[in-house]
Visitor: 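The following block contains the structure, expressed as structure tokens.
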Amino acid sequence: MSDPVLDIPSPTQDEFKQELRLRRFLFASAFSVLYLGVLAVFYTQDKVDRETFVEACAIATGFILVFFSLFQLGLNLRFADPSLTTWQLLAAIFTMLYVLYRAPDTRLVFTAFFFVALMFGMLRLSGTKLAVLGSISLVYFALVVWLRYAGNHDAGMLRLDMLQFGVMAVTFPWFLFIGGHVKQLQRGFDEVSVKLEDIEEKARHDDLTGVYNRRAMIVAMEESKQRADAADEPLSICVIDLDFFKRYNDEFDHLTGDKVLRAFAQGVQGGLRANDGFGRYGGEEFVQILRHTALVGAMAEAERLRERINAIDIPVSRTIGPLTVSIGVAQYEPGETIIQTFARADAALYKAKQRGRNRVEC
């Protein structure tokens, strides 16, 4: 059962992935804007001088434009990691370290946003790579502290910087430890989600024939009705019943009856149109949903199906005649429920059986 074919072409998987990378980058860019916003607050409190603030804005904006251009031009695809997670993380930390060197009072901002940047990296990078990048960042933090002290010999500032370095150095391993467990939980949730989707998909199919089951067909009929109402387009329902099916169970065995049902289902599926839906309603009764199809077209389609089924090679040990079907057809009338449409198609099926079977009625 498939959805209606749209005129607008769907994006390829590669295009979808590239669009997803760009969205992630724009989300990460919001982190840079937020950081600049916090610096603006510090600037208003004379904790950051004007020159440093302007330079920080220029550096952050420059990085954003460079990465945006790489994604837009597709140049990111030339890298081992097309998401450029490592480079974005390093660019963010470089910007914050530069500001920290120029404005020591922003050390609190650096600590908070350093761990936020690592959280972004955690989404894409392995624990080992994140540990290496974080450790390098701490080393460069210590280097910034040493360079500043070498320039001003401010012992009080050095003590504050070393205290901050100690807190970050102690916190960082625990951050990685907890982050690793979070990623494991995420992987577990993803695996469970995939399994649940698989179970849900299997629950929609008939075990014997592999086509959609009664519950799935009821849902599909209702969804088709809603589409028909919204688009003001025709919709028809066919109820199909295998004639004298009981003879296969009685004259052979139930396994043979199962083979007949499977052969019939495969024969119908092989001739379905792109927008048609098909499933087993119960026993030897099946339902076909004909979207964008008025009654005249549905009758013609049902007649073609009936002729196609007559030609199916039935897997039985001896011939007892061709497999035939009776089909009832009804077009959905706006204002009625889809169950009422189905009931009219079912009544038409009963009429086809009363009139000798192996025929189509409406």
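Just so we're clear, the structure is a prediction, and the values are computed from it rather than from any experiment. In what follows, residues are counted from 1 in the order of the sequence shown. Note: hydrogens, waters and symmetry copies are ignored here, and every other heavy atom, side chains too, is used.
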Visitor: Kindly say whether Ala58 contributes a backbone atom to a donor-acceptor pair with the side chain of Thr61 at under 3.5 angstrom?
Guide: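 The answer is no, because no donor-acceptor pair under 3.5 Å joins these two groups.
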Visitor: Just how far is it from atom CD1 of Ile218 to atom CD1 of Ile339, taken to the nearest 0.5 Å?
Guide: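 The CD1 atom of Ile339 is 5.5 Å from CD1 of Ile218, to the nearest 0.5 Å.
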Visitor: Report yes if some heavy atom in the side chain of Arg23 is under 4.5 Å from a heavy atom in the side chain of Phe27; otherwise report no.
Guide: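 Heavy-atom side-chain distance check fails, nothing below 4.5 Å.
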Visitor: With Phe31, which residues qualify under ring-ring contact (aromatic ring centres under 6.0 Å, His included), at least two apart?
Guide: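 Phe31 satisfies ring-ring contact (aromatic ring centres under 6.0 Å, His included) with Phe113, Phe120 once adjacent residues are dropped.
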Visitor: Would you find a donor on one side and an acceptor on the other, under 3.5 Å apart, between the side chain of Ser126 and the backbone of Lys129?
Guide: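 Checking the backbone N and O of Lys129 against the side chain of Ser126, a donor-acceptor pair under 3.5 Å is found.
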Visitor: Between Gln340 and Thr337, is there a donor-acceptor pair closer than 3.5 Å when you use the side chain of the first and the backbone of the second?
Guide: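 Such a contact is found between Gln340 side chain and Thr337 backbone.
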Visitor: Suppose we screen for side-chain contact (heavy atoms from CB on, under 4.5 Å). Which residues come up paired with Met157, at least two apart in sequence or across chains?
Guide: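 Testing Met157 for side-chain contact (heavy atoms from CB on, under 4.5 Å), a comparison that skips the adjacent residues, returns Pro104, Arg107, Arg148, Asn152, Asp154, Asp161.
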Visitor: Nearest 0.5 Å please: distance from the CG atom of Leu130 over to the OG atom of Ser137.
Guide: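 Atom-to-atom, Leu130:CG and Ser137:OG are 9.0 Å apart.
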Visitor: Please check if Leu108 and Met96 belong to a single hydrophobic cluster, counting links between Ile, Leu, Val, Met, Phe, Trp and Tyr side chain heavy atoms closer than 4.5 Å.
Guide: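 They do not share one cluster, since no chain of ILVMFWY contacts under 4.5 Å joins Leu108 to Met96.
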Visitor: Any side-chain heavy atom of Leu290 sitting closer than 4.5 Å to one from Val329?
Guide: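 With C-beta onward as the side chain, the pair stays apart.
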Visitor: Is it the case that Thr324 and Asn358 place a side-chain donor and acceptor less than 3.5 Å from each other?
Guide: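 Result is no, nothing qualifies.
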Visitor: In sequence, state the C-alpha distance, the side-chain angles, and the governing distance for Phe79 and Leu84, and then conclude on side chain to side chain contact (heavy atoms under 4.5 Å, CB included).
Guide: CA-CA 7 Å; Phe79 291 79; Leu84 304 179; 3.5 Å; yes
Visitor: Is it the case that Arg357 places NZ or CZ above or below the six-membered ring of Phe244, under 6.0 angstrom from the centre and within 45 degrees of the axis?
Guide: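 The answer is yes; both the distance and angle limits are met.
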Visitor: With the threshold set at 4.0 Å, does a side-chain nitrogen-carboxylate oxygen contact exist between Lys225 and Glu336?
Guide: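 Between Glu336 and Lys225 there is no salt bridge, as every charged N stays at least 4.0 Å from the carboxylate O atoms.
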Visitor: Looking only at atom types and distance, does a side-chain atom of Lys351 sit under 3.5 Å from a main-chain N or O of Gly328, one as donor and one as acceptor?
Guide: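 Not confirmed, Lys351 side chain does not pair with Gly328 backbone.
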Visitor: So, do Ile240 and Glu285 sit near enough that their side-chain heavy atoms are less than 4.5 Å apart?
Guide: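 Not touching, per the 4.5 Å side-chain cut-off.
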Visitor: Just do the side chain to side chain contact (heavy atoms under 4.5 Å, CB included) check on Gln331 and Leu235 with the steps written out, would you?
Guide: CA-CA 6 Å; Gln331 180 178 344; Leu235 168 68; over 6 Å; no
Visitor: Does a salt bridge link Arg355 with Glu361, judged by any charged N lying under 4.0 Å from a carboxylate O?
Guide: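 A salt bridge links Arg355 with Glu361.
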Visitor: For the pair Ser326 (side chain) and Leu349 (backbone), establish whether a donor and an acceptor sit closer than 3.5 Å, ignoring hydrogens and angles.
Guide: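 Looks like no, no N/O pair under 3.5 Å.
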Visitor: Do Phe172 and Met119 sit in one hydrophobic cluster, given that two such residues count as connected whenever their side-chain heavy atoms are within less than 4.5 Å of each other, even indirectly?
Guide: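 Phe172 clusters together with Met119.
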Visitor: Side chains of Phe165 and Val144: closer than 4.5 Å at any heavy-atom pair?
Guide: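 Sidechains of Val144 and Phe165: no contact.
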Visitor: Are side-chain heavy atoms of Ile309 and Leu305 found at a separation under 4.5 Å?
Guide: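 In short, these two side chains touch, coming nearer than 4.5 Å.
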Visitor: Atom OG in Ser83, atom CZ in Arg24: separation rounded to 0.5 Å?
Guide: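 The distance works out to 5.5 Å.
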Visitor: Rounded to the nearest 0.5 Å, how far apart are OH of Tyr149 and CE of Met162?
Guide: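 Those atoms lie 11.5 Å apart.
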Visitor: Does any part of the side chain of Leu77, heavy atoms only, come nearer than 4.5 Å to the side chain of Gln18, both counted from C-beta?
Guide: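 In contact.
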Visitor: Linking I/L/V/M/F/W/Y whenever any side-chain heavy atoms sit under 4.5 Å apart, do Ile136 and Leu118 land together?
Guide: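 In one cluster: yes.
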Visitor: So Tyr281 and Val239, side chain to side chain contact (heavy atoms under 4.5 Å, CB included) or not? Walk me through it.
Guide: CA-CA 9 Å; Tyr281 198 75; Val239 180; over 6 Å; no
Visitor: Decide yes or no on salt bridge (Lys or Arg N to Asp or Glu O under 4.0 Å) for Arg102 and Glu51, but give the supporting numbers first.
Guide: CA-CA 9 Å; Arg102 296 289 302 273; Glu51 183 180 357; 3.7 Å; yes
Visitor: Centre-to-centre under 6.0 Å for Phe115 and Phe175, is that the case here?
Guide: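 That pair passes the under 6.0 Å test.
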Visitor: Between Arg291 and Ser224, is there a side-chain donor-acceptor contact under 3.5 Å, judged purely by atom types and distance?
Guide: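 Yes, Arg291 and Ser224 have a side-chain donor paired with an acceptor closer than 3.5 Å.
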Visitor: In terms of hydrophobic clustering (I, L, V, M, F, W, Y; side-chain heavy atoms under 4.5 Å; direct or indirect links), are Val54 and Leu97 co-clustered?
Guide: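 No, it is not one cluster - the side chains of Val54 and Leu97 are not joined through contacts under 4.5 Å.
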Visitor: Is it true that atom NZ of Lys259 has more than 12 heavy atoms of other residues, nucleotides or ligands lying nearer than 6.0 Å?
Guide: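 Counting other residues, nucleotides and ligands, NZ of Lys259 stays at 12 neighbours or fewer.
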Visitor: If only atom types and distance count, is the side chain of Thr256 paired as donor or acceptor with the main-chain N or O of Phe252 below 3.5 Å?
Guide: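 Not confirmed, Thr256 side chain does not pair with Phe252 backbone.
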Visitor: Contact between Phe141 and Leu100 at the side-chain level, heavy atoms closer than 4.5 Å - yes or no?
Guide: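 The answer is yes, as the side chains (C-beta and beyond) meet within the 4.5 Å cut-off.
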Visitor: Taking Tyr140 as the starting point, is it possible to reach Leu160 by hopping between hydrophobic residues whose side chains are less than 4.5 Å apart?
Guide: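 Cluster IDs for Leu160 and Tyr140 differ.
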Visitor: Is any side-chain heavy atom of Val99 closer than 4.5 Å to a side-chain heavy atom of Glu55?
Guide: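 No, side chains not in contact.
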Visitor: Charged N to carboxylate O below 4.0 Å: is that the case for Arg304 and Glu307?
Guide: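 Glu307 and Arg304: not salt-bridged.
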Visitor: For ring pair (Phe, Tyr, Trp, His ring centres under 6.0 Å), just list the numbers for Phe53 and Phe42, CA-CA rounded to whole Å, side-chain angles, deciding distance to a tenth of an Å, and then say yes or no.
Guide: CA-CA 9 Å; Phe53 178 65; Phe42 274 63; over 10 Å; no
Visitor: I'd like to know whether Phe25 forms a side chain to side chain contact (heavy atoms under 4.5 Å, CB included) with Leu22, so could you lay out the CA-CA distance, the side-chain angles of the two residues, the decisive distance to 0.1 Å, and finally the verdict.
Guide: CA-CA 5 Å; Phe25 162 71; Leu22 181 58; 4.2 Å; yes
